[in-house]
Visitor: 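Below you will find the structure I want to go over with you.
Along the sequence shown, the residues carry numbers beginning at 1.
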Amino acid sequence: LHSSKSKMLLRKSASAALPAERPILAPAWLIMLLAGMVGGGLWLLYPRQDLERRLAETTDSALSVAYLHNLLRSDPDNPQLRLLLAQRQIAQGDILDARTTLQPALDSPDPVLHRDALWALWQLSYAEWLQTPETDAVRRGAMREELRQQLRALSREQWPAQRQVELARLAAQLDEPVLGIDINRRLAEAEPDPRKAAQLYERAAKEALAQSDYESCAALYMLARKTTPDPQQAKAYYTAGVAALQSGNQPIAALELAERELGPLADDPQILYMLTNLARAAGRPAAADRFVRKLLQLSLLKQYERVGE
């Protein structure tokens, strides 16, 4: 009897030691599948952006074109990917495909993406123009006019300074002097370094002079004069601005500008001598006499100072 009771107690202890069964919410394979889907989604989201950046920076066009084609299979209307692919196609000379590829980026409401697509369109059109035989004068003329229109549209966008310099160069190449002058003026206004800003004004002034735009040339030289920190350079800009109107056979306008902008050069003998000759050429003897009297005063003052020494 004692033995049977002991066995019953052992069975109860063993059954009490068995772990309780836990409820199964989902099978293990389903949990792993869901985790894989979430992880894959995150991988597709973030590495895609990184990949786009890397593709934009790579110089291997053939490799990047292959990657972009693969990405576009799953996202065919992505304007950023379309722009990247179009840029690679343009680099490879695939003009016809590039024009079709680029369209979604041109239609994008994103201002930065649209701006970059406009630049790619310009590159495409320019490459197409260069490939057109010079014997086809009619077509080349029409394409050149289209390039000018695109260049004007590009100039209205916000660009880094280096891109604006390139636009100014292209404006000169396509005989768009007014546009080139305007771009250089904007560059100068935005340039924090006064010496560089003055050089940009000077460049714009020379472009204006090359186009016989004497008034703009003189005005730009005066802006350069006011911008440069170098007094001698400021004096050179002043005389260049006055000379621009003289070269345009406008002696009266040149004299009026010279007197209006004289400023700290009012006691400079070299400038006063120039103004004397300018007043005589403009038929203003009274002004010439005034400058001569000023020269005499400066000469007497210098002699007096020498005597005092």
Side-chain angles (χ1 to χ4, degrees), residues 56 79-80 82-84 86-91 95 98-99 101-132 139-228 237 241 244:
Q80 180 64 49
R82 287 273 191 165
L83 174 60
L84 292 173
Q87 290 170 338
R88 296 301 178 271
Q89 289 171 329
I90 293 167
I95 303 300
R99 192 174 290 277
T101 302
L102 187 60
Q103 195 57 51
L106 288 169
D107 296 336
S108 173
D110 184 330
V112 176
L113 187 61
H114 178 73
R115 182 199 66 179
D116 292 343
L118 285 176
W119 182 257
L121 179 64
W122 157 264
Q123 293 177 310
L124 188 155
S125 301
Y126 186 74
E128 200 171 20
W129 177 61
L130 291 177
Q131 292 175 9
T132 302
R139 186 166 179 239
R140 281 182 64 88
M143 294 174 72
R144 187 183 180 90
E145 182 56 34
E146 174 64 23
L147 283 172
R148 285 175 170 172
Q149 292 179 12
Q150 290 185 24
L151 194 61
R152 295 184 200 114
L154 287 170
S155 71
R156 292 190 289 269
E157 300 289 334
Q158 296 294 322
W159 298 104
Q162 192 58 41
R163 179 63 56 81
Q164 291 191 61
V165 170
E166 189 173 356
L167 286 172
R169 179 185 61 80
L170 291 169
Q173 181 182 345
L174 292 173
D175 298 325
E176 286 284 337
V178 176
L179 181 60
I181 292 167
D182 183 58
I183 292 171
N184 279 312
R185 186 196 297 268
R186 279 183 283 160
L187 277 170
E189 290 171 353
E191 175 57 57
D193 185 337
R195 293 181 186 276
K196 291 181 180 179
Q199 291 171 358
L200 288 166
Y201 280 127
E202 179 186 7
R203 185 167 65 190
K206 289 178 178 179
E207 290 179 2
L209 184 61
Q211 300 299 321
S212 300
D213 187 354
Y214 305 109
E215 293 83 359
S216 294
C217 175
L220 287 162
Y221 270 127
M222 292 306 165
L223 286 172
R225 181 246 184 134
K226 293 175 182 177
T227 304
T228 182
Y237 287 144

Visitor: Side chains of Leu102 and Arg82, heavy atoms from C-beta outward: is any pair under 4.5 Å?
Guide: no
Visitor: Return the CG to CZ distance between Leu170 and Arg163, rounded to the nearest 0.5 Å.
Guide: 10.0 Å
Visitor: Could you list the residues that satisfy side chain to side chain donor-acceptor pair (under 3.5 Å) with Thr227, not counting sequence neighbours?
Guide: none
Visitor: In chain order, what residues pass the salt bridge (charged side-chain N to carboxylate O under 4.0 Å, His left out) check against Arg99, with sequence neighbours excluded?
Guide: Glu128
Visitor: Go through the structure and list residues passing side chain to side chain donor-acceptor pair (under 3.5 Å) with Gln103, not counting sequence neighbours.
Guide: Asp107
Visitor: For a quick test of your reading: what N or O donor-acceptor pairs under 3.5 Å do the side chains of residues 186-196 make, sequence neighbours left out?
Guide:
residue, atom, partner, partner atom, Å
Arg186, NE, Asp182, OD2, 3.2
Arg186, NH1, Ser155, O, 2.9
Arg186, NH2, Ser155, O, 3.3
Arg186, NH2, Asp182, OD2, 3.2
Glu191, OE2, Asp193, N, 3.0
Asp193, OD1, Arg195, N, 3.0

Visitor: Can you establish whether the number of heavy atoms outside Gln162 located under 6.0 Å from its atom CD is more than 12?
Guide: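 For Gln162, atom CD is not crowded (no more than 12 foreign heavy atoms under 6.0 Å).
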Visitor: What pairs of residues pass the side chain to side chain donor-acceptor pair (under 3.5 Å) test when at least one of them lies in residues 200-217, not counting sequence neighbours?
Guide: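 Those involving residues 200-217 are Asn184-Arg203, Asn184-Glu207, Glu202-Lys206, Glu202-Tyr237, Asp213-Ser216, Glu215-Gln250.
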Visitor: Kindly compute the distance separating CG (Leu174) from CD (Glu145), expressed to the nearest 0.5 Å.
Guide: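 Separation between the atoms: 10.0 Å.
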Visitor: Give the minimum heavy-atom separation between Ile181 and Ala204, together with the two atoms involved.
Guide: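 So the two residues come closest at CG1-O, 3.8 Å.
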Visitor: Please say whether more than 12 non-hydrogen atoms of neighbouring residues, nucleotides or ligands are located less than 6.0 Å from CD in Gln149.
Guide: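 Counting other residues, nucleotides and ligands, CD of Gln149 exceeds 12 neighbours.
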Visitor: Hey, could you give me the CD/CG distance between Glu146 and Leu151, rounded to the nearest 0.5 Å?
Guide: 11.5 Å
Visitor: Would you please name every residue forming a side chain to side chain donor-acceptor pair (under 3.5 Å) with Ser125, sequence neighbours left out?
Guide: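 For Ser125, the residues satisfying side chain to side chain donor-acceptor pair (under 3.5 Å) (neighbours in sequence not counted) are Gln150.
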Visitor: Counting only N and O atoms by type, is there a donor-acceptor contact under 3.5 Å from the side chain of His114 to the main-chain atoms of Leu106?
Guide: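 Yes: the side chain of His114 pairs with the backbone of Leu106.
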Visitor: Only pairs at least two apart or in different chains count here, so list each side chain to side chain donor-acceptor pair (under 3.5 Å) that has a residue in residues 166-181.
Guide: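 Passing the test, one end in residues 166-181: Tyr126-Gln173, Arg144-Asp175, Arg152-Glu176.
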Visitor: Between Arg140 (side chain only) and Thr132 (backbone N and O only), is there a donor and an acceptor less than 3.5 Å apart?
Guide: yes
Visitor: How many angstroms lie between CG in Leu83 and CG in Asp110, if you round to the nearest 0.5 Å?
Guide: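 Interatomic distance, Leu83 CG to Asp110 CG, rounded to 0.5 Å: 10.5 Å.
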Visitor: Could you give all pairs that pass the ring pair (Phe, Tyr, Trp, His ring centres under 6.0 Å) test and reach residues 149-174, with sequence neighbours left out?
Guide: Trp119-Trp159
Visitor: What's the spacing between Leu118 CG and Leu154 CG if we round to 0.5 Å?
Guide: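 That separation rounds to 6.0 Å.
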Visitor: Nearest 0.5 angstrom please: Leu209 CG to Tyr221 OH, how far?
Guide: 6.5 Å
